[in-house]
Structure formats: structure tokens, C-alpha cells
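One structure is given here, and the rest of the page talks about it.
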Amino acid sequence: MKEIRTRFAPSPTGYMHIGNLRTALYTYLIAKHEGGKFILRIEDTDQKRYVEGAVEIIYNTLKLVGLDHDEGPDIGGEYGPYVQSERKDIYLEYAKKLVDLGGAYYCFCDKERLDSLREKAEEEKTTFRYDGHCKSLSKEEVQAKLAAGEPYVIRQRIPKTGQTTFVDAVYGSITVENSELDEGVLLKSDGLPTYNFANVIDDNLMKITHVIRGSEYLSSAPKYNLLYDAFGWDIPTYVHLPLIMKEGGKKLSKREGDASFEDYYNKGFLPEAIINYIALLGWSPGGTEEEFFSLEELVENFELKGLNKSPAVFDVNKLRWMNGEYIRKKSTEEFHAMALPYYKKYISAKGIDLELLSRLLHTRVDALEDIQDHVDFIEKLPEYDATLFVHKKMKTTLENSLDSLKKALEILNDLETRDADTIHNTLFPAIKEMGIKNGQMLWPIRTALSGKQSSPGGGTDLLILLGKDESLRRIQKGIDKLK
RNA sequence: GCCCCCAUGGUCAAGCGGUCAAGACUCCGCCCUCUCACGGCGGCAUCAGGGGUUCGAGUCCCCUUGGGGGUACCA
């Protein structure tokens with residue numbers, strides 16, 4: 001059996017998009033599931049859109065999520081170069097060959113003529129298609145123009161009649177009328193190919209067996225088939241993927257919102273959680289209710305038949321939940337290590353037991369960025385209203401809260417330790433003695449210490465966390481507020 | 001406008017002619033509990049509409065509607 005070779009071919013135009021990353025993932029999985037090769041190719045044929053540093057983002061992202069490529073610009077391979085701008089000569093050679101084969105022709109039309117054609121099409125409310133103006137040029141005329149140094153372009157020649165059918169592994173067989181296809185530019189006047197040409201040449205030369213890409217290429221696929229046929233090349237297996245949509249149903253865009261991998265990563269989403277989540281956006285293992293998959297497990301379970309045809313909405317909410325699950329699966333120590341940078345950023349107060357804080361936060365954090373909102377009260381007690389002490393379920397009132405805080409201030413003042421058991425053993429007898437419910441003592445303490453509706457941990461936890469001095473200060477503040 | 005694709009709850013989705021139409025997120029209850037969270041239990045909610053085919057249709061066909069994509073010397 002022939003070895004499976006797939007390629008991820010991003011263009012270095014900026015961020016690594018979530019949709020892009022998912023394409024990379026599936027591309028990787030399809031190859032690796034069959035023990036094949038995963039290749040990285042940089043499609044930089046549009047110099048206008050080139051963004052400095054974008055290639056590094058691509059490398060970093062793939063590395064971070066563990067999609068290691070077998071061939072690529074950085075590591076080489078048998079079929080290089082893997083950067084399209086370095087393959088310029090190859091495209092020219094094949095473009096000329098295609099002209100000889102009758103699958104393409106030189107075109108000398110300038111922008112003005114093309115624009116007027118486009119305007120006319122607009123007026124007539126029809127789709128613009130190149131009118132074949134230069135198709136009738138004789139060989140001699142073409143030679144003369146070339147010799148005169150006229151700028152040119154090479155266009156694909158498409159039969160006026162008939163139909164073209166192609167088969168996609170996800171969408172099945174699709175047939176279009178040739179008359180619907182535009183004779184698009186294959187080789188631009190700057191000598192570089194368009195995507196429409198380069199993808200065919202490179203995929204063939206690099207022996208790509210499965211072409212995986214977003215479904216936005218579905219409508220141009222017939223043209224690629226025509227190209228393969230003209231060269232007499234084998235047509236690869238097409239795998240077009242449903243698009244990922246934003247909430248509200250629009251195509252995911254890097255401009256709006258935080259749809260890039262980098263953004264989520266920086267917000268404290270774990271690469272393995274992101275991979276797991278997006279793997280399930282458009283693909284389902286079927287026959288199992290398991291939804292947690294490591295990259296290795298995805299490789300093992302991934303099959304084309306699980307691919308969905310319809311677009312999927314990216315649900316940050318569910319990503320958050322899944323990320324939270326991944327965080328909770330970590331050990332306390334691992335979580336602590338991940339949380340530390342955030343503590344450094346948001347907590348300057350001394351004497352805070354950060355390890356305790358991590359234990360308290362571990363089940364309360366879905367994305368690491370949540371830490372900020374959880375720890376803000378440590379730095380400084382927020383402004384809060386006395387009514388916060390009133391809690392129906394805890395059976396607290398302004399009055400009994402004041403009593404409890406006074407008592408707490410009194411007994412805690414004598415305490416020098418920060419030990420949980422000792423604090424517990426000091427507080428609870430007092431509660432019993434006062435004849436009140438636990439919550440009637442602990443809710444006021446918790447409230448006075450945090451100044452918030454909710455906090456990571458209850459009254460005793462916060463006492464230990466903040467330490468004696470700060471705790472007493474805040475309790476006193478609460479008392480003042482209640483007087 | 002034209003061409004192509006898609007259509008199960010708010011979202012991700014299983015289903016592949018015959019089951020009470022799985023499961024997950026969200027939301028809502030209850031339990032646990034010194035708040036919240038975690039965890040446990042339970043609940044609300046889906047086959048877009050209309051025609052066919054068939055003994056029988058979420059599953060097959062057609063139309064309508066809705067959504068998405070394409071329509072560049074961008075990918």
C-alpha cells in the first residue's frame with residue numbers, strides 16, 4: 001500500500017486561526033492514523049499579504065500542540081524546497097509546459113481592460129469571467145509580445161462545454177458545468193503562481209496523497225482536476241472540511257474576537273484542551289460517549305467517516321468547561337506551577353500562602369486568566385455594602401453578623417498560629433457557646449475578609465490565607481461597617 | 001445575481017428504513033457544604049416546512065425555506 005502523505009499549507013499572513021489549526025490537526029491525524037507523513041509547506045505566493053514573524057507563529061503553534069511535521073522548511077526533506085517563493089522556477093517551467101499541453105495560454109490584458117470587463121459583468125448582473133481575449137493570439141503574436149517584454153500572465157484554458165466531476169471523501173461526488181468555471185490566472189505577472197496553480201504543482205511534486213483543506217475550496221476543486229488531467233497526473237484524494245463558525249453563524253475571522261490559538265493560549269487555555277475541543281468540532285468518533293482524547297488517542301481513533309459536512313459553531317463556553325476539566329486533572333503541584341505567574345502579576349501583598357491559594361483555586365478556574373478575578377480581594381479589600389452580610393440561607397442579619405465579628409475579633413486576637421486545626425478549634429467552640437449556626441459565624445467572617453459575594457474558600461480558609469494581621473484589620477472594618 | 005455545499009435541542013453531536021431520538025456544554029432544581037466552585041442526582045429542550053417512495057422515514061428522492069462558501073494577478 002502506498003504511504004499516505006498529507007500537507008498543511010498555511011500562508012504566513014499573521015495569526016494562527018482556530019479553523020486553520022483544526023485543519024492542521026485533521027491533516028496530521030489523517031496521515032498519522034495510517035502511519036503516514038505530515039508535511040509543512042509555506043504558501044507565500046502573495047507577497048502583499050506577507051506578515052513578518054508569521055512563519056515563526058506557525059512553527060511555535062504546531063510545536064506547542066504537538067503536531068510535529070516530518071518534512072518542512074525548517075527540517076528539510078526529499079521534496080523541497082518547502083517554501084513556495086523558493087520554487088518560482090518550478091512553477092514557470094510547469095506553466096510553460098501546460099501551455100504546450102494546451103491547458104493554459106498567455107494573456108497580456110492589463111488591469112484597465114479587466115476592470116472594464118468586470119464592470120460590464122456587474123451591470124449585466126452576471127458573474128465575471130475572463131472573456132478569452134488573448135486566447136486567439138497566434139503563436140507568433142505571443143512570441144512577439146514576449147520578445148517586446150510586455151507583462152504577461154498565464155491563464156488556465158477551460159473547455160467551453162461539458163462538465164467536470166470530482167470526488168470528495170467528505171462531500172461525495174460533485175459535478176459542475178465547465179461554462180461556470182473562470183479561466184483564472186495561474187502564473188501572475190510577478191512570476192509567482194496563484195494558489196490555484198501552486199497547490200496542484202506542489203501537491204503532485206511532493207507526492208501528496210490526501211489534500212485536506214477547508215470547504216471554501218470546494219468550488220474551485222473542479223479547476224484543479226482539469227489541471228491534473230491536463231498534466232496527466234493522478235488526482236489525490238480530496239478531503240474538504242466544514243468551516244468553523246463564530247457564534248451567530250459567521251465564518252470565524254481573526255479580525256473580530258479572539259479566534260486565534262495564540263489568544264486562547266495566552267489567556268490560559270491548555271494546548272491539549274484546545275486540541276481536544278477543536279477535534280470534536282466537525283468530527284465525531286461515533287459509537288462512544290468518550291469525549292476526552294489526547295493527541296495520541298486522536299491519532300488512534302481518527303477516521304474520515306466521522307467527519308461532518310455541516311459547519312460547526314465555535315462555542316467558547318464548552319471550550320472553557322473542557323479546559324477546566326483538563327486543569328482539574330492536573331495535580332495540585334502542576335496547577336500551582338501554572339498559576340504562579342498569575343500570582344506574581346496580581347498579588348504583591350506579602351505573607352500570602354500561595355500553595356494554599358492554589359489548593360483553593362484549583363477547582364474554581366476554567367482558564368488561567370480567571371485567577372485575576374478570584375484573587376483581586378487579596379491585594380485590597382473591595383468596597384462593599386453592609387447588606388452583603390445578610391444571607392438568607394446562612395441565616396445572617398446585620399445584627400448577628402456584628403455579634404459574630406466582635407466575637408471573632410476577640411478570640412482570634414489571642415491566636416498566634418496560622419494552623420487550620422487550631423483556628424477551627426478556636427472558632428467552633430465559640431460558635432457552640434453562642435448557640436448559633438456555623439454559617440452565622442463563618443459567613444460574616446468570609447464576607448468581611450473578602451468583601452465579595454463569593455470567594456475561593458470559606459471563612460477559615462481566608463483567615464489562614466490572609467494571615468492574622470490583615471484578617472483582624474478586615475474584621476474590624478466589617479464591624480465598623482455594621483455599627 | 002449566478003454557481004456549489006449544508007440542514008437532529010441555544011451550541012457540539014450519535015443515529016445510517018423499524019429503539020421511549022444517545023451523550024456533552026449551557027440553563028434550572030435538589031443533595032453535599034463555612035460562600036462560590038468541584039462532585040452527585042434529576043429536569044427543560046431537537047429531527048426547518050411541504051410533497052413523494054415504502055407495510056413503515058430523522059434516515060431515500062423532489063420542492064420550498066434557512067444557513068454557509070465561492071464568484072481576485074488572496075489563499
Side-chain angles (χ1 to χ4, degrees), chain A residues 9-11 13 43-46 48-49 107 109 111 114 118 121-122 124-129 151 153-155 168 170-172 174-177 179-182 184-190 192-196 198-199 213-222 240 242-243 245 247 249-251 277 280-291 306 308-322 324 328 360-366 374 391 393-394 424 427-428 431 437-447 450 452-462:
Chain A
S11 49
T13 53
E43 309 221 330
D44 60 345
T45 54
D46 186 357
K48 290 187 291 293
R49 294 212 305 160
C107 172
C109 292
K111 192 172 182 300
L114 260 20
R118 224 178 295 274
E122 187 124 344
E124 294 170 0
K125 293 202 170 209
T126 58
T127 304
F128 164 80
R129 283 189 202 94
V153 111
I154 292 180
R155 284 184 185 273
D168 182 86
V170 175
Y171 291 93
I174 296 171
T175 301
V176 296
E177 297 294 328
S179 57
E180 295 293 337
L181 304 173
D182 185 34
V185 171
L186 264 20
L187 200 73
K188 300 185 277 184
S189 52
D190 64 3
L192 283 167
T194 60
Y195 170 84
N196 298 129
N199 91 85
R213 50 158 86 108
S215 70
E216 67 261 35
Y217 291 101
L218 219 38
S219 36
S220 41
H240 286 93
L243 266 15
M245 322 282 282
E247 257 165 295
K250 299 202 175 58
K251 186 184 172 187
Y277 175 68
L280 266 16
L281 269 187
W283 176 80
S284 163
T288 173
E289 282 178 9
E290 186 56 54
E291 55 182 343
N308 214 312
K309 290 181 188 171
S310 37
V313 174
F314 183 84
D315 183 3
V316 193
N317 223 4
K318 186 157 186 179
L319 203 217
R320 284 186 60 83
W321 165 78
M322 182 166 270
R328 275 164 233 131
L360 294 174
L361 247 29
H362 198 176
T363 60
R364 281 169 246 255
V365 167
D366 282 330
H374 278 121
H391 193 292
K393 216 177 125 201
M394 294 298 108
H424 188 271
L427 239 29
F428 280 71
I431 291 169
K437 296 179 66 80
N438 294 347
Q440 290 175 311
M441 171 61 79
L442 295 162
W443 173 264
I445 291 178
R446 195 208 63 76
T447 304
S450 68
K452 297 177 78 177
Q453 188 70 245
S454 72
S455 55
T460 55
D461 294 317
L462 297 192

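Chain letters run A, B, ... following the sequence lines, proteins first, then strands; residues in each count from 1.
Residue A:K437 has no polar side-chain atom (N or O) positioned under 4.0 Å from OP1 or OP2 of B:C34. Checking the phosphate oxygens (OP1, OP2) of B:A75, a side-chain nitrogen or oxygen of A:T45 falls inside 4.0 Å. Checking the phosphate oxygens (OP1, OP2) of B:U71, no side-chain nitrogen or oxygen of A:R129 falls inside 4.0 Å.
Checking B:C38, B:G68, B:C73 against every side-chain atom of A:P311, the shortest atom distance belongs to B:G68. The side chain of A:T363 approaches B:C38 more closely than any other nucleotide in the set B:U35, B:G70, B:C38. Among B:C74, B:A14, B:U35, the nucleotide with an atom closest to any side-chain atom of A:S284 is B:A14. Between B:A37, B:A75, B:A13, one nucleotide has an atom nearer to the side chain of A:N308 than all others, and that is B:A13. Picking from B:U35, B:C3, B:G69 the nucleotide with the shortest atom distance to the side chain of A:E216 gives B:G69.
Judged by distance alone, with hydrogens and angles left aside, the side-chain atoms of A:R129 form a donor-acceptor pair with the main-chain N or O of A:E180 at under 3.5 Å. Under the 3.5 Å distance criterion, the side-chain polar atoms of A:R328 are left unmatched by any main-chain donor or acceptor of A:D366. Side chain of A:S450 to main chain of A:K452: a donor-acceptor pair is present (N/O by atom type, distance under 3.5 Å, no hydrogens or angles). A donor-acceptor pair under 3.5 Å links the side-chain atoms of A:Q440 to the main chain of A:K437, judged by distance alone. Side chain of A:Y277 to backbone of A:D315: a donor-acceptor contact under 3.5 angstrom is found. The backbone N or O of A:L192 sits nowhere less than 3.5 Å from a side-chain atom of A:T45 that would complete a donor-acceptor pair.
A distance of about 12 Å separates the P atoms of B:G39 and B:A24, rounded to the whole Å. Nucleotides B:G43 and B:C2 have their P atoms positioned 49 Å apart, rounded to a whole Å. Taking the C1' atom of each, B:U8 and B:U46 are spaced 6 Å apart, rounded to whole Å. Comparing B:C31 with B:G23, their C1' atoms are spaced 23 Å from each other, to the whole Å. Taking atom P on both nucleotides, B:U26 is separated from B:A21 by 26 Å, rounded to a whole Å. Comparing the same atom, P, in B:A57 and in B:C44 gives a spacing of 27 Å after rounding to whole Å. To the nearest whole angstrom, the two C1' atoms, one in B:C12 and one in B:U65, are 24 Å apart. Going from the P atom of B:A45 to that of B:C3 covers 41 Å, rounded to whole Å.
Taking a pair to require two hydrogen-bonding distances under 3.5 Å in either a Watson-Crick or a G-U wobble arrangement, B:G42 pairs with B:C28. B:G1 is paired with B:U71 under the Watson-Crick or G-U wobble criterion, all donor-acceptor distances under 3.5 Å. Base pairing of B:C16 is not made with any nucleotide, judged by Watson-Crick or G-U wobble geometry with both donor-acceptor distances under 3.5 Å. Pairing for B:U33 is absent, with no Watson-Crick or G-U wobble pair whose two atom distances lie under 3.5 Å.
Note on A:Y217: a base of the nucleic acid sits closer than 4.0 angstrom, heavy atoms only. As judged by a 4.0 angstrom heavy-atom cut-off over every strand, A:M245 is placed among residues touching the sugar-phosphate backbone only. Note on A:S310: only backbone sugar-phosphate atoms sit closer than 4.0 angstrom, heavy atoms only; bases stay farther off. Heavy atoms of A:N199 sit nowhere under 4.0 angstrom from any nucleic acid atom. Note on A:M394: only backbone sugar-phosphate atoms sit closer than 4.0 angstrom, heavy atoms only; bases stay farther off. Residue A:R320 is classed as having no contact, given no heavy-atom separation below 4.0 Å to the nucleic acid. Here A:V313 lies in heavy-atom contact (under 4.0 Å) with sugar-phosphate atoms only.
For A:T460 against B:C34, a side-chain-to-base donor-acceptor contact under 3.5 Å is present. Remark: the A:S11 side chain and the B:A75 base include no donor-acceptor N/O pair separated by less than 3.5 Å. Side-chain atoms of A:T127 and base atoms of B:C3 include no donor and acceptor less than 3.5 Å apart.
Contacts with RNA chain B (heavy atom under 4.0 Å) in residues 452-459 of chain A: A:Q453, A:S454, A:S455, A:P456, A:G457, A:G458, A:G459, listed by number.
Counting all heavy atoms, side chain and backbone alike, A:S310 lies closest to A:N308 at OG-OD1, 3.2 Å. Heavy-atom minimum distance, A:D461 versus A:L360: CG-CD2, 3.7 Å.
Here B:A75 presents its P atom at 8 Å from NZ of A:K48, a figure rounded to the nearest Å. In this structure, A:L192 places its CG atom 10 Å from C1' of B:C73, rounding to the nearest Å. Atom pair A:L218:CG and B:C5:P shows a separation of 8 Å (rounding to whole Å applied). Atom-to-atom, CG of A:L187 to C1' of B:A72 comes out at 16 Å; the value is rounded to the nearest Å. A straight line from CD of A:E180 to C1' of B:G69 spans 15 Å, rounded to a whole angstrom. Distance CD (A:E177) to C1' (B:G70): 17 Å, rounded to an integer number of Å. Taking atom NZ on A:K188 and atom P on B:A72, their separation rounds to 15 Å, with Å as the unit. If you measure from atom CZ of A:R118 to atom C1' of B:U71, you get 10 Å, rounded to the nearest angstrom.
Along RNA chain B, the nucleotide nearest A:K309 and the nucleotide nearest A:K111 are compared for position; the residue whose nucleotide lies closer to the 5' end is A:K309. Nearer to the 5' terminus of RNA chain B, by closest-nucleotide assignment, is the contact made by A:L281 (compared with the other of A:D190 and A:L281).
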Checklist outcome for this item: Per-nt protein contacts along nucleotides 24-33 of chain B (heavy atom under 4.0 Å; B base, S backbone sugar-phosphate only, - none) come out as BSS------B
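Legend: residues meeting side-chain hydrogen bond (donor to acceptor under 3.5 Å, both in side chains) with A:W283, ordered by chain and number and at least two apart, are absent. Not counting sequence neighbours, the partners of A:N196 by the side-chain hydrogen bond (donor to acceptor under 3.5 Å, both in side chains) test are A:Y224. Partners of A:K111 by side-chain hydrogen bond (donor to acceptor under 3.5 Å, both in side chains), not counting sequence neighbours, listed by chain and number: A:D115. Taking the side-chain hydrogen bond (donor to acceptor under 3.5 Å, both in side chains) definition, one finds that A:D168 meets it with A:H240, sequence neighbours left out.
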Checklist entry - Please walk me through it: do A:D46 and A:Y195 pass side chain to side chain contact (heavy atoms under 4.5 Å, CB included)? => result CA-CA 9 Å; A:D46 186 357; A:Y195 170 84; over 6 Å; no
